[in-house]
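First up is the structure itself, then whatever we jot down about it.
For this chain, numbers begin at 1 and follow the sequence in order. Start at 1 and go down the list; that is how both ligands and their atoms are numbered.
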Amino acid sequence: MTPEHVASPGGYAATRERSLSDREGFWLEAAEQVAWSTAPAQALEERAADDWSWFSGGELNVCANALDRHVEAGRGDQAAIIYDSAVTDSVRRLTYRQLRDRVARFAGVLRDQGVVAGDRVLVYCPMVPEAAVAMLACARIGAIHSVVFGGFAANELAVRIGDARPKVIVTSSGGIEPNRVVEYLPLVRRALEICDDAASGVQAVIVHNRAQVPGSAADYSGSTESIAWIDWLTAESEATPADPVPLAADHPLYILYTSGTTGSPKGIVRDSGGYTVALTWAMRHIFDVGPGETIFTASDVGWVVGHSFIVYGPLLAGATTVIYEGKPVGTPDPGAFWRVIDDYEAKVLFTAPTALRAIRREDPELSQLRTHDTSSLRALFVAGERMDPETWHWARDGLQVPVIDNWWQTETGWPICANPLGIEQLEMKPGSTAVPMPGFDVRILDGAGNDVTEPGVEGNIALKLPLPPGALLEVWGSRQRFIDSYLTAFPGYYATGDAGFFDDDGYLTVLGRTDDVINVAGHRLSTGSLEEVLTQHHAVAECAVIGVADPLKGQRAAGFITLKHGSLDAHEHVAADLVRLVREQIGPVASFRDVTIVERLPKTRSGKILRKTMRQIVDGESYTVPATIEDPAVIDALIAALSTTFSAPTTSVLTLPR
Ligand code: COA
Ligand code: AMP
């Protein structure tokens, strides 16, 4: 431990206790690590039980904190970003000075397009440094960025354009997947068409051209009447750099869409001040990464892990962040992560359990690990989905470093539970996500909202209000949707949508979602939106999508459908159509391949489909059939059919006997 860490006297327990009993003192002290144009006089402003904000009155610029501040402090020549592209076999380094200068010029490009503070800019980019440049450029001038993951299809992109109403879209000619090149421009064009070009409010599309992917701004110029297609590099070379502008602490920094229980994704709005303070605190006290150290977060900038721990967290900390374009396996082998750690002396690796399971499947003995020097590695952090104890032990024994499972959500922006390595390394318990982080008051509630937080008692995991700095400000466009989605189920608490329990030592085990959200390879998907796509097919009468256990991806989506009476379509064709439809409308990331055609879906007498029971049956868990079931024979038929046909992730088609 370096001396700065002793900012937490008394260790974890005392730190956490103080964060709840002396919120003002704790967070104002944390805020001192941030450069403010106007320092906040107070930490928490609570206007009502469901209405609060952090650091009111304070003004700052997140980009200045992430870049200018470090250049001014003499870190200008240190690498800010190391871009390692396994799919193009290239490496590029950007120092803090170079990154600041590029960001300032790109902020000038945005300003030249009329973008001002509060305007939205949608960023649809692969894992290239330009994605971070675009995000930080927005932050520099107060534009609100909304990054959309590259694995989403045009339709999902259109939904986000329609909701965020960006003035500018920043994109790239495309991404590179191991098995194909993904051209982004036709997807952007299609999304704009879906939104109706002129009505979309988009004024310009700025295109970063990649040599490996066809398509350029020039190819699309004139394809849209009211939208200019602009070449990034030309615009950047002509732009005047923009200085960072001071913004109120609660000025929105970004909108990040995430799946909810309905088909329409929720735009999670993050503030500027609270997020900067929280991430600065978390980098030091949870991840134990500081100036000059390297963190390799193998996620994607399109997810919250990417926002917080590829881009903002590491740069706020003055660290070096690795932007890795590639997969854990196959680009070219399961040693890719160990090579990156070796090449850049990474202190921390942060990834999703599914990536580790993929490596384990291909290299169970970790023979690739032995060909690299990973002695710089101090810890492996994992999040995004449940970390199974078997993979935990495999990683721990192989890497010989602490494996820190941390639990959080797009909404919270940083870990709710973790092992705070920068304060003290607590005992590790595989299967548990360790202990609540400062500021998070984690409770277990029963269905009626009673606080039943006792060791061993399972229930809904809720966070007592107010949420700490860094958590969501609201849902974009609708404060009411924020309240309805999160604060209404249990008054006085934020409902996480997860279930779990504490053990005797205050360690939390997260059991899974209590709603219709599923988690495929660490990607959060709504079964509701998948069902919406399936019901679009002319032959489909009814459908239910459930998340079933998958040995690699944790969960995968499985669709069960009934056909309309008289449908003459061959079952195989319907199944293939549905797989294609989901890929086209939601995107390849849904990894949707299981379709089962049944005569009837199990329902209650009131018509509710028994999704939970279906999932339990498919996963081979014990289950109780509700007494309200319409016809118990449907369940018997389902079991009989499933036991012989449902195993591997394939497009399976079966017909249940009546
Ligand atoms: N752009 C376009 N397509 C993408 C994409 C992107 N950014 N990311 C994934 N896809 C596509 C893949 O090419 C694949 O398409 P295919 O059906 O044609 O093969 C599909 O989406 C599913 O991708 P993925 O879930 O990545 O599965 P995979 O089988 O290719 O790889 C893993 C499996 C485990 C290696 C991979 O899921 C992985 O690395 N997961 C880590 C997840 C992660 O970082 N999550 C972030 C939360 S912390
Ligand atoms: P996302 O908002 O995409 O990050 O997804 C958040 C959800 O992923 C949580 O509500 C959990 O259901 C799940 N999740 C994230 N991290 C973990 C973890 N460490 N253990 C178990 N589930 C997790």
Side-chain angles (χ1 to χ4, degrees), residues 87 124-127 131 148-153 172 174-184 187 256-260 266 268 297-310 324-331 334 336-337 350-362 381-388 404-413 415-418 431-434 461 472 495-500 508-515 517-525 547 550 552-556 579 582-583 586-593 649:
V87 289
Y124 185 55
C125 285
M127 282 291 282
V148 178
F149 177 60
F152 282 122
S172 157
I176 300 158
E177 285 297 291
N179 56 357
R180 67 190 191 288
V181 158
V182 182
E183 288 184 45
Y184 281 18
L187 296 172
L256 181 56
Y257 286 89
T258 190
S259 301
K266 289 191 282 243
I268 300 306
T297 301
S299 176
D300 189 286
V301 285
W303 308 117
V304 69
V305 173
H307 278 62
S308 294
F309 297 113
I310 294 177
Y324 171 72
E325 188 182 30
K327 301 275 174 177
V329 295
T331 57
F337 281 8
F350 188 178
T351 192
T354 187
L356 298 174
R357 289 194 296 267
I359 297 172
R360 183 170 174 221
R361 196 167 67 168
E362 292 206 4
F381 283 80
V382 286
E385 48 160 337
R386 186 172 171 271
M387 175 66 161
D388 58 288
I404 313 249
D405 187 357
N406 55 114
W407 167 65
W408 48 298
Q409 316 181 304
T410 305
E411 289 85 343
T412 65
I416 308 169
C417 279
S432 135
T433 67
I461 315 177
L472 78 169
T496 66
D498 282 317
L508 184 77
T509 293
V510 177
L511 295 167
R513 300 286 305 189
T514 55
D515 54 16
V517 168
I518 59 170
N519 201 314
V520 180
H523 310 317
R524 188 163 145 184
L525 296 172
D550 183 275
L552 175 66
K553 300 194 175 190
Q555 277 189 310
R556 66 177 197 271
V579 168
V582 170
R583 198 177 169 91
I586 302 218
V589 68
S591 276
F592 181 73
R593 292 173 61 194

of all protein heavy atoms, closest to atom 5 (O) of ligand 2 is Arg524 CD, 3.4 Å

Do any N/O atoms on Lys327 end up under 3.5 angstrom from N/O atoms on ligand 1?
-> yes

Arg180 N/O under 3.5 Å from ligand 1 N/O = yes

So the atoms of ligand 1 within less than 4.0 Å of a heavy atom of Trp303 turn out to be 46 (C)

N or O pair under 3.5 Å between Lys553 and ligand 1 = yes

Sub-4.0 Å heavy-atom approach of Met127 to ligand 1 | no

Kindly identify the option in Ile404, Asp498, Val382, Val304 whose heavy atom sits closest to atom 10 (O) of ligand 2.
-> Asp498

Could you list the atoms of ligand 1 found under 4.0 angstrom from a heavy atom of Val305?
-> 48 (S)

Under 3.5 Å between some N or O of ligand 1 and some N or O of Glu177?
-> yes

Tell me, which protein residue and heavy-atom name are nearest atom 13 (C) of ligand 2, and how many Å apart are they?
-> Asn519 ND2, 3.5 Å

Please determine which of Thr509, Thr433, Asp498 meets the side chain to side chain donor-acceptor pair (under 3.5 Å) test together with Trp407.
-> Asp498

Examine the proximity of ligand 1 to Pro126 and report which part, side chain or backbone, both or neither, has a heavy atom under 4.0 Å away.
-> neither

Location of contacts on Glu385 toward ligand 2, heavy atoms closer than 4.0 Å | backbone

Among non-hydrogen protein atoms, atom 1 (P) of ligand 2 lies closest to Thr410 OG1, 3.5 Å

After noting the C-alpha distance and the side-chain angles of Val520 and Phe592, does the key distance pass the side-chain contact (heavy atoms from CB on, under 4.5 Å) rule?
-> CA-CA 10 Å; Val520 180; Phe592 181 73; over 6 Å; no

Subset of ligand 2 atoms that lie under 4.0 Å from at least one heavy atom of Arg386 | 20 (N), 21 (C), 22 (N)

Sub-4.0 Å heavy-atom contact, Gly497 with ligand 2 | no

Has Ser591 got any heavy atom lying under 4.0 angstrom from an atom of ligand 1?
-> yes

Provide the number and element of each atom of ligand 1 under 4.0 Å from a heavy atom of Thr354.
-> 34 (C), 40 (N), 41 (C), 42 (C)

Ranked by distance from atom 16 (N) of ligand 2, the top protein heavy atom is Gly384 N, 3.1 Å

